[in-house]
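In what follows, a single structure is set out as structure tokens and then discussed.
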Amino acid sequence: MALESLQLLKKIQEWHLGIDRKMPWKETLDPYKIWISEVILQQTQVAQGLKYYHRFLAAFPTVQALADASEAEVMKQWEGLGYYRRAKNLHIAAQQIVEKHQGRFPINFEDVLALRGIGDYTASAICSFAYDQPYPAIDSNVERIFSRYFGIELKKSSASLKQAIKQIVGTPFKKVKSAGELNQALIDFGALVCKSKTAHCDHCPLQESCYAYANDQVYNLPIKSAKKSKQERYFHYSILKSENQIWISERRASDIWLGLHEFYLDELATKTDLEESKTRAFQNIVRTKCFRKLYKQELTHRRIFALFTLYELAAVQEIKHGSWVPLEELNSKTFPGVIRLFLDENMHNFIC
DNA sequence: GACGCGTGGGC
DNA sequence: TGCCCAAGCGT
């Protein structure tokens, strides 16, 4: 028999008393720092985000500092973390805060939710952690706990599952002492006990009343959506070099790697096309160097293959949608993983 | 509601 | 190895 929701929440809070999961953003009530941590942690593991959290706050200690920075500086701090729209949106939201809230992070839930890149989860997390407002922060950890415990057969990440959980916890959430601590307890419980792939049912305090455990459904809940096949894409990059400058452009379309830089790109239809791709006819080519290695980068829904060719040109020439930058400045630009890897391995060869 | 968006780690 | 997943959001 399942516990009443208030009892369930109290059990999880009780469990949390014995947990010591130290993280820097737990040590502060500064909504700015909490905001940055929450955005970094969107779809990102703590171990991966920790370094970026410290670096980002050192570079931009306040909302005002972030708003005043250039987009390029913000992107550079985010390089390697992925989901680059998050960085762009942080920058936009900082400017929203300066314009609409005099640079002070808003306190009202609706005002927080209105900021770019902040959805229901992040607004709830910030308002409960920083201000102790009674909003349940329903992330994938929390979905998993309730879906399993009560046997809610709804799809992971679906609005219906979130709504069902809100129904269950809405009233009890207002009765517990600290909403922030409760949200933290739920997230930690999902991350440490009711885990996705290796749940620790053996020492779970809720085992005896858990629906999924009793019915052997732990790994079937919440319902997973059907996996899509991974599409492959084939990029041939021409690195144009002249007078010790390199031509780069910024990715602007609604595509992967928004806001990151790249070299002159030809996208090809097939892997054979890429492997057999000929050198290109740029003007005034002095020398051509083909790098034979086929680079590969796995994204969640894509597999990128990339080949690189270096062209030394007699003179800098105007090419649309990009600009020439000194070779020494290349490392200060922001590149996707596969280009960064290529540069790290080959940049010393650029000196002809 | 479905899809696209990155990277690193676990098994 | 290949596949799944991780403190989601915007379109």
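Below, chains carry the letters A, B, ... as their sequence lines are ordered, and counting in each starts from 1. What you are looking at is a predicted structure, and each value in this text was computed from that prediction instead of being measured.
- Checked against Phe305(A) for a ring pair (Phe, Tyr, Trp, His ring centres under 6.0 Å), the options Phe235(A), Tyr295(A), Tyr234(A) give a single hit: Tyr234(A).
- Sorted by first and then second residue, the pairs that involve residues 247-258 of chain A and meet side chain to side chain donor-acceptor pair (under 3.5 Å), not counting sequence neighbours, are Arg233(A)-Asp255(A), Glu250(A)-Arg252(A), Arg251(A)-Asp255(A), Arg251(A)-Glu262(A).
- Checking Thr122(A), Val39(A), Thr28(A) one by one against Ile34(A), the side-chain contact (heavy atoms from CB on, under 4.5 Å) holds for a single residue, Thr28(A).
- The side chain to side chain donor-acceptor pair (under 3.5 Å) contacts involving residues 314-329 of chain A comprise Asn244(A)-Glu328(A), where partners must be two or more places apart or lie in separate chains.
- Using the six-membered ring where Trp is involved, Phe146(A) and Phe150(A) have ring planes that are parallel, under 30° apart on the 30 and 60° scheme.
- No side-chain heavy atom of Phe342(A) sits under 4.5 Å from any side-chain heavy atom of Tyr237(A).
- Side-chain atoms of Ser242(A) and Tyr311(A) include no donor-acceptor pair closer than 3.5 Å.
- As a whole-Å value, the separation of Leu299(A) CG from dC3(B) C1' is 15 Å.
- Here Ser225(A) lies out of heavy-atom contact (under 4.0 Å) with every strand.
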Which atom pairs, donor and acceptor, lie under 3.5 Å between side-chain atoms of residues 3-12 of chain A and protein residues at least two apart or in another chain?
| from | atom 1 | to | atom 2 | distance (Å) |
| --- | --- | --- | --- | --- |
| Ser5(A) | OG | Ile168(A) | O | 3.2 |

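- Between Lys155(A) and Phe335(A), the residue whose closest nucleotide on DNA chain B is further toward the 5' end is Lys155(A).
- Under the salt bridge (charged side-chain N to carboxylate O under 4.0 Å, His left out) criterion, Glu232(A) pairs with Arg303(A), sequence neighbours left out.
- For Lys162(A), the NZ atom is densely surrounded, since the number of other residues' heavy atoms within 6.0 Å is greater than 12.
- In this structure a side-chain-to-backbone donor-acceptor pair under 3.5 Å is present from Arg148(A) to Val218(A).
- A heavy atom lying under 4.0 Å from DNA chain B marks the following residues of residues 180-197 of chain A, by number: Lys197(A).
- For the pair Arg251(A) CZ and dG6(B) P, the interatomic distance rounds to 9 Å; values are reported in whole Å.
- As rounded to whole Å, 16 Å separates atom P of dC5(B) from atom CZ of Arg252(A).
- The stretch residues 128-149 of chain A does not touch DNA chain B, since none of its heavy atoms comes less than 4.0 Å from the strand.
- The closest side-chain donor-acceptor pair between Asn89(A) and Arg86(A), if any, does not fall under 3.5 angstrom.
- With hydrogens and angles left out, the side-chain atoms of Gln42(A) and Tyr121(A) include no donor and acceptor closer than 3.5 Å.
- The separation of dG6(B) from dC4(C), taken at their C1' atoms, amounts to 15 Å, rounded to a whole angstrom.
- The nearest whole Å value for the distance from the CZ atom in Arg86(A) to the C1' atom in dC5(B) is 10 Å.
- Distance noted for atom C1' between dA2(B) and dA7(C): 22 Å (whole Å).
- Sorted by first then second residue, the side chain to side chain donor-acceptor pair (under 3.5 Å) pairs that include residues 52-68 of chain A, not counting sequence neighbours, are Arg55(A)-Gln77(A), Gln64(A)-Asp68(A).
- DNA chain B is contacted by Gln43(A), Thr44(A), Gln45(A) of residues 17-47 of chain A, taking any non-hydrogen atom closer than 4.0 Å.
- Contacts between residues 57-84 of chain A and DNA chain B, defined by a heavy-atom separation below 4.0 Å, involve Gly80(A), Leu81(A), Gly82(A), Tyr83(A), Tyr84(A), listed by number.
- No donor-acceptor pair under 3.5 Å is formed between the side chain of Asp132(A) and the backbone N or O of Ser178(A).
- Using a 4.0 Å cut-off between charged side-chain N and carboxylate O, Glu143(A) and Lys156(A) make no salt bridge.
- Per the geometry, CD belonging to Gln231(A) stands 8 Å off P belonging to dG4(B), to the nearest Å.
- Of the residues in residues 254-271 of chain A, Asp255(A), Ile256(A), Trp257(A) come within less than 4.0 Å of DNA chain B through at least one heavy atom, sorted by number.
- With sequence neighbours left out, Lys22(A) forms a salt bridge (charged side-chain N to carboxylate O under 4.0 Å, His left out) with Asp20(A).
- Where Arg233(A) and Ser158(A) each meet DNA chain B at their nearest nucleotide, the meeting point lying more 5' is that of Ser158(A).
- The distance between atom NZ of Lys162(A) and atom P of dG1(B), rounded to the nearest whole Å, is 11 Å.
- Remark: Lys241(A) is not positioned above the aromatic ring of Phe350(A), lacking an NZ or CZ atom under 6.0 angstrom from the ring centre and at most 45 degrees off the axis.
- Between Phe189(A) and Asn141(A), the closest side-chain pair of non-hydrogen atoms is not below 4.5 Å.
- Counting to the nearest Å, the C1' atom of dC5(B) and the NZ atom of Lys88(A) are 14 Å from each other.
- Of all nucleotides in DNA chain C, those with any atom nearer than 4.0 Å to a heavy atom of chain A start and finish, going 5' to 3', at dC4(C) to dT11(C).
- As judged by a 4.0 angstrom heavy-atom cut-off over every strand, Lys230(A) is placed among residues making no nucleic acid contact.
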